[in-house]
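As the structure is a prediction and not an experimental result, all values here were calculated from the model.
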Amino acid sequence: VAELVALELGRKGALLDALAPQRHGAAEPPQAAALRSVASQLSALDRQMQQSPSAAVRARMEALTAHRDGLEAQMAAKAIGQPGAGPTSLAQLCAVLPVDAALVDYIHYVDYRPNPGGYTMTLRFAALVVAPSGCRAQVVDLGEALPLGQRVHAFRTALQQSVNARGAEALGDDPTAVSVDWRPPARALYDHLVAPLVPLVPEAKVLVVSPDDTLQFLPFAALLAPGGQLLAERYDLAVVDSPRVRRLPPSPAGPKSALVIGNPAFSLTPSRQSATAVATRGGEGGSTACHAALSQAWPALPGTKVESD
């Protein structure tokens, strides 16, 4: 497992380090343009696979994924060992993780299986879990990538439809909008992606999550644990683009200050609010409910002054 940690730190972490010079005006690596092209093709094929799966599309995705991995390996190899590159081994990673944190690195990979005619390639997911207490690293198989990607797509769709319906109901735009319950797919994804990992990190209060592939579009904070608790309520979450985490330097010494506002004075009069409502909603054709909401006089909030003091 330690070798897998080092390999993964090189694959994700060093790849980002290789791309870093581009942000400072230096020439980008020669593989970068090819990598962008492959990523664009994979994104289009992934959408096609979600809508109408086929063996041909799956084979094309597997071939492009293998090509992408090769390009990333070439770029990462040049970045390993450069100054400030971050941890490159399990021991170094454990040294920079906070004692109450656990790293969960989701890995999208191609599983090669020999068969009489050659070999079979299958896209799969795994989770690499690292806990600094005892410097433990364990791998959990998460199954094939296609059904997991479909679950992520279904959850994102349900979440967006739920938000749209609630917004339409509040503004009176579309009283017929149907709200979709996002909780069942949120719970299903928690059971798939998080529940198998929880027993491995019982002391963790912070989860440092490094997603991969389609999981980069998943709002982990909204996953639903048993009892209806959001993942963000159960753990402090830090979603990072690479498992090659770095210890942050100490904050500079000096006085700390904050701007706290309590009991704001709402200065808009009802007439001005009414005009604002019409302008915002597009003239006389705007929503009656929105117009009414913005036309009312807002009361004072003396409780917020007590809180701010």
Side-chain angles (χ1 to χ4, degrees), residues 1 3-13 15-16 38-39 41-51 53 55 57-73 76 102-113 119-131 137-157 185-201 204 207-225 231 235 237-244:
V1 177
E3 288 78 6
L4 176 61
V5 173
L7 178 65
E8 183 64 1
L9 287 171
R11 185 183 75 91
K12 274 189 184 177
L15 172 65
L16 291 170
V38 170
Q41 295 176 64
L42 279 172
S43 178
L45 288 172
D46 182 65
R47 291 193 297 270
Q48 185 177 345
M49 197 67 175
Q50 303 297 337
Q51 298 171 358
V57 175
R58 182 196 292 261
R60 179 59 177 159
M61 288 186 67
E62 291 168 349
L64 281 173
T65 299
H67 181 45
R68 179 199 66 187
D69 291 347
L71 291 171
E72 290 180 348
L103 171 70
V104 179
D105 180 31
Y106 292 100
I107 304 171
H108 180 255
Y109 69 100
V110 182
D111 182 33
Y112 294 89
R113 299 282 175 165
Y119 59 88
T120 302
M121 296 190 302
T122 306
L123 298 175
R124 299 183 67 86
F125 269 100
L128 177 62
V129 185
V130 178
Q138 301 176 75
V139 179
V140 178
D141 177 45
L142 298 175
E144 292 192 22
L146 177 59
L148 179 55
Q150 291 172 334
R151 281 186 172 184
V152 171
H153 177 73
F155 171 55
R156 284 167 49 85
T157 301
R187 176 61 192 277
L189 282 170
Y190 176 92
D191 291 343
H192 192 148
L193 295 172
V194 181
L197 317 181
V198 171
L200 307 181
V201 288
L207 289 185
V208 182
V209 177
S210 176
D212 200 4
D213 200 69
T214 188
L215 297 185
Q216 293 174 338
F217 304 101
L218 175 64
F220 280 89
L223 300 188
L224 211 57
L231 184 61
Y235 297 98
L237 285 179
V239 179
V240 297
D241 51 13
S242 163
R244 203 181 242 195

For [X] and [Y], which heavy atoms make the closest approach, and how far apart are they?
X: Leu64; Y: Val38; result: O-CG1, 3.6 Å
X: Ala102; Y: Ala204; result: CB-CB, 3.9 Å
X: Ala221; Y: Leu237; result: CA-CD1, 3.6 Å
X: Arg187; Y: Leu224; result: CD-O, 3.1 Å
X: Val57; Y: Leu45; result: CG1-O, 3.8 Å

Between [Y] and [X], is there a side-chain heavy-atom distance shorter than 4.5 Å?
X: His108; Y: Thr65; value: yes
X: Leu193; Y: Phe125; value: no
X: Val130; Y: Asp105; value: no
X: Val239; Y: Pro211; value: yes
X: Arg60; Y: Gln41; value: yes

Can you tell me how far apart [atom1] ([X]) and [atom2] ([Y]) are? Round to the nearest 0.5 Å.
X: Leu197; Y: Gln138; atom1: CG; atom2: CD; answer: 10.0 Å
X: Thr214; Y: Gln150; atom1: OG1; atom2: CD; answer: 10.0 Å
X: Arg58; Y: Thr122; atom1: CZ; atom2: OG1; answer: 7.0 Å
X: Leu189; Y: Leu218; atom1: CG; atom2: CG; answer: 6.0 Å
X: Leu215; Y: Ile107; atom1: CG; atom2: CD1; answer: 11.5 Å
X: Asp111; Y: Asp141; atom1: CG; atom2: CG; answer: 8.5 Å

Ion pair present between Asp191 and Arg151, side-chain N to carboxylate O less than 4.0 angstrom?
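Salt bridge: no.
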Run the ring-centre check on Phe220 versus Tyr190 and record whether the distance is less than 6.0 Å.
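Between Phe220 and Tyr190, the centre distance exceeds or equals 6.0 Å.
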